[in-house]
Amino acid sequence: MSEHKKKKNPAAAMMMTSLAYIVLGIVTVVFPQKVLDVLCYALGGAMTVYGLFNIISFFVDREGGMYFELVIGVISTGFGIFALFSPTSIAAIINIPIGIIIIVDSIMDMKHSLTLRSLGMKKWWIPFIIAIVMIMFSLTTIFFTNIFGALLMIALGIALIYEGVSGFSLIILLSRYHKEYDRNQRMIDAEATDIN
C-alpha cells in the first residue's frame, strides 16, 4: 500500500463516521421514539448474544473456562432478555452509551483542534471550546436525564448531527492546513538548497 493511500484511509473513515452521525442524528430528531425503541431492542439483542457466547464458551472449554466468565454470561443474558421483553424499562439508560460515543468523538475533535493549532490555524480554539461544550452536554444527558425529559432523544439527535458536521469541517480544515504546511515546508527546503 502506498504512503498516499495510508494517509487517505483515516480521513475516509472519519468522513464515513461523520456521515453516519448526521444520518443517525436526523433520524433521531424526526423519529425519536422509534429510534429509542430500536436502540433498546438492539441493546437487548447484543447483550443476549454476548451473554450466551460467554456461557457456551465456559461449557465448551471447562478446563480453561473461568466461573467469572459464566457469571458475566448469565447476567448479560438475563439483562438482554429483560431488555427484549421490556424495552421501556431500559429506555432511561439508553442515553448513556450515546453520551459516551459523543464524548469520545468530542475528545477526538479536541485532538484535531490542537493539530490545527500546530499547523498555524489562528482560530483553532473555536472547535476546541465547542468540543468541551459537547462533552459537558453529554455528561449532563448521562447524569441529569430529568433536565431534558421527553426531549432527551431529540437533544441527543441534534448533538449527533453537530458531531457529524463538525467532523466534516475538521477533516476539510486539516486537509487544507496540511497542504499549506507541506507547501511552505517545500519552499523553505528549496530556498535552503539554493543558498547552499
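FYI, side chains are in, hydrogens and waters are out, and symmetry mates aren't considered; it's all heavy atoms of this structure.
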Kindly indicate whether the side chain of [X], heavy atoms from C-beta on, has any atom under 4.5 Å from the side chain of [Y].
X: F144; Y: L139; result: no
X: I103; Y: S138; result: yes
X: I102; Y: L156; result: yes
X: I130; Y: Y162; result: yes
X: T115; Y: L170; result: no

When hydrophobic residues are tied together by side-chain contacts of less than 4.5 Å, even through go-betweens, does [X] share a cluster with [Y]?
X: V49; Y: L70; answer: no
X: I161; Y: M134; answer: yes
X: M16; Y: M108; answer: no
X: F128; Y: L116; answer: yes
X: L119; Y: M121; answer: yes

How close do [X] and [Y] get, counting heavy atoms only, and between which atoms?
X: G73; Y: T77; result: O-OG1, 2.7 Å
X: I135; Y: S106; result: CG1-CB, 3.5 Å
X: L19; Y: F168; result: N-CE1, 3.8 Å
X: D109; Y: S166; result: OD2-OG, 3.3 Å
X: G80; Y: M47; result: CA-CB, 3.8 Å
X: I100; Y: I142; result: N-CD1, 4.0 Å

Could you check S18 against E163 for side-chain hydrogen bond (donor to acceptor under 3.5 Å, both in side chains), going step by step and ending with a plain yes or no? CA-CA 7 Å; S18 297; E163 282 299 321; over 6 Å; no
In Å, rounded to the nearest 0.5 Å, how long is the span from [atom1] of [X] to [atom2] of [Y]?
X: I96; Y: I101; atom1: CD1; atom2: CD1; result: 12.5 Å
X: S57; Y: I72; atom1: OG; atom2: CD1; result: 13.0 Å
X: S175; Y: M15; atom1: OG; atom2: CE; result: 9.5 Å
X: M110; Y: I129; atom1: CE; atom2: CD1; result: 10.0 Å
X: W124; Y: K122; atom1: CH2; atom2: NZ; result: 15.0 Å

ring-ring contact (aromatic ring centres under 6.0 Å, His included) involving F137 - partner list, sequence neighbours excluded: F148
Any chance you could lay out the side chain to side chain contact (heavy atoms under 4.5 Å, CB included) test for I55 and V74, step after step, and finish with the verdict? CA-CA 7 Å; I55 293 171; V74 170; 4.1 Å; yes
Under a 3.5 Å distance rule, please check whether T140 uses its side chain to pair with a backbone N or O of M136 as donor and acceptor.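 Checking the backbone N and O of M136 against the side chain of T140, a donor-acceptor pair under 3.5 Å is found.
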Can you list, pair by pair, the side-chain donor-acceptor contacts under 3.5 Å of residues 20-43, counting residues two or more places apart and other chains?
residue : atom : partner : partner atom : Å
T28     : OG1  : L24     : O            : 2.6
Q33     : NE2  : D37     : OD1          : 3.1

